[in-house]
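Here the structure comes first, spelled out in structure tokens, and everything after it is commentary.
All values reported here derive from a predicted model rather than from experimental measurement.
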Amino acid sequence: MEMAISLIRTSISQSQCVSVSHPLIHSLRSSTLSSIDESLRRKRLLSSCAPSQLNPIRSEVSFCVGTHLIPHPNKVERGGEDAFFVSNYNGGAIAVADGVSGWAEQNVDPSLFPKELMANASNLVGDEEVNNDPQFLLRKAHAATSSIGSATVIVAMLERNGILKIASVGDCGLRVIREGQIIFSTSPQEHYFDCPYQLSSEVVGQTYLDAMVSNVELMEGDTIVMGSDGLFDNVFDHEIVSTIARCRDVVEAGIS
């Protein structure tokens, strides 16, 4: 089992804030946890915080990320087939891409496509044409990716007013948890069982136009869990909720 997980928690306060974008790009073996929680800033070496770019005397939304990686035994040498990026552009952005393992049968490394896709998305997140639109970011990142392969992918971009904008292709997913209850979840896109929608290097395939697009208004204290199917296929929603409830911060949740 290989999974990529992002856990996000919101904290909103009135303050003056200036920031410079410094995206993080990683390959994932097992889990990635992120949090929008000002109180977790500067906690542990596995956390990286990205306050949003706001005008003075407006609500501040910060973005903190902790990671915990467990390689799949069969994929240790390749470093896994999942990838992600995190950026503090605007209110913050995070994305997960899951490489399609079937390419290995054609002697193609399934990790190359998702890694390049996420690197391109990270580089383009502040592009003027993207205009904080995750669906258009998928378009630009996909067009710039030259590696052979394919991947399922989900992107979430946070507006400074607390609106989380989501675009996903395939079976990567996202849950919003509020006061111990899941109040929003994405739905997987599949052609048939075990054949999800995917962005691909092939001409025939899905594009950004096939993405499922959603907007969610976040409240202070909300927790967002984003991940590949490795998470949601193997961990029930109630188990995710209970794990988060008993953890003090994102690093502890990732290890759990």
Minimal non-hydrogen separation, [X] against [Y], with atom names:
| X | Y | value |
| --- | --- | --- |
| Cys172 | Thr186 | O-OG1, 4.2 Å |
| Val96 | Ser228 | CG1-N, 4.2 Å |
| Pro114 | Ala97 | CB-CB, 3.8 Å |
| Ile154 | Ser168 | CG1-CB, 3.6 Å |
| Phe85 | Met118 | CD2-O, 3.8 Å |
| Thr152 | Pro196 | CG2-CG, 3.7 Å |

Once rounded to the nearest 0.5 Å, what's the spacing between atom [atom1] of [X] and atom [atom2] of [Y]?
| X | Y | atom1 | atom2 | value |
| --- | --- | --- | --- | --- |
| Thr243 | His238 | OG1 | NE2 | 9.0 Å |
| Ser187 | Asp171 | OG | CG | 12.0 Å |
| Ser122 | Leu137 | OG | CG | 9.0 Å |
| Leu124 | Lys140 | CG | NZ | 6.0 Å |
| Thr223 | Ile244 | OG1 | CD1 | 5.5 Å |
| Ser201 | Leu112 | OG | CG | 10.5 Å |

Any donor-acceptor N/O pair, [X] side chain to [Y] backbone, under 3.5 Å:
| X | Y | answer |
| --- | --- | --- |
| Asn120 | Ala144 | yes |
| Asn131 | Asp133 | no |
| Lys165 | Asn132 | yes |
| Thr207 | Leu209 | yes |
| His142 | Ser200 | yes |
| Asp222 | Met219 | yes |
| Ser150 | Val100 | no |

Transitive ILVMFWY side-chain link Met212 to Val155, under 4.5 Å: no
Same cluster (ILVMFWY, side-chain, under 4.5 Å), Val225 and Val241: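 In one cluster: yes.
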Worked check of side chain to side chain contact (heavy atoms under 4.5 Å, CB included) between Leu164 and Asn215: CA-CA 6 Å; Leu164 188 69; Asn215 292 341; over 6 Å; no
Would you say that more than 12 heavy atoms from the other residues, nucleotides or ligands in this model lie under 6.0 Å from the [atom1] of [X], or not?
| X | atom1 | result |
| --- | --- | --- |
| Ile182 | CD1 | yes |
| Glu190 | CD | yes |
| Glu105 | CD | no |

Arg178 to Phe184, cation-pi by 6.0 Å centre distance and 45° axis angle: no
Is there a donor in the side chain of [X] and an acceptor in the side chain of [Y], or the other way round, less than 3.5 Å apart?
| X | Y | answer |
| --- | --- | --- |
| Glu81 | Ser101 | yes |
| Ser146 | Glu116 | yes |
| Gln189 | Asp210 | no |

Result of checking Leu158, Ile166, Leu218 against Ile224 for side chain to side chain contact (heavy atoms under 4.5 Å, CB included): Leu218
Evaluation steps, side chain to side chain contact (heavy atoms under 4.5 Å, CB included), between Phe136 and Glu129: CA-CA 8 Å; Phe136 204 80; Glu129 290 184 346; 3.8 Å; yes
Within the 4.5 Å heavy-atom criterion, are [X] and [Y] side-chain neighbours or not?
| X | Y | value |
| --- | --- | --- |
| Leu174 | Val216 | no |
| Ile148 | Trp103 | yes |
| Asp98 | Asp229 | yes |
| Met157 | Asn90 | no |

Derivation of the side chain to side chain contact (heavy atoms under 4.5 Å, CB included) call for Val169 and Leu138: CA-CA 9 Å; Val169 177; Leu138 286 179; 4.2 Å; yes
Full working for side chain to side chain contact (heavy atoms under 4.5 Å, CB included) between Arg175 and Phe232: CA-CA 10 Å; Arg175 308 285 188 269; Phe232 299 111; 3.5 Å; yes
Evaluation steps, ring-ring contact (aromatic ring centres under 6.0 Å, His included), between Tyr197 and His191: CA-CA 7 Å; Tyr197 283 23; His191 298 286; 4.6 Å; yes
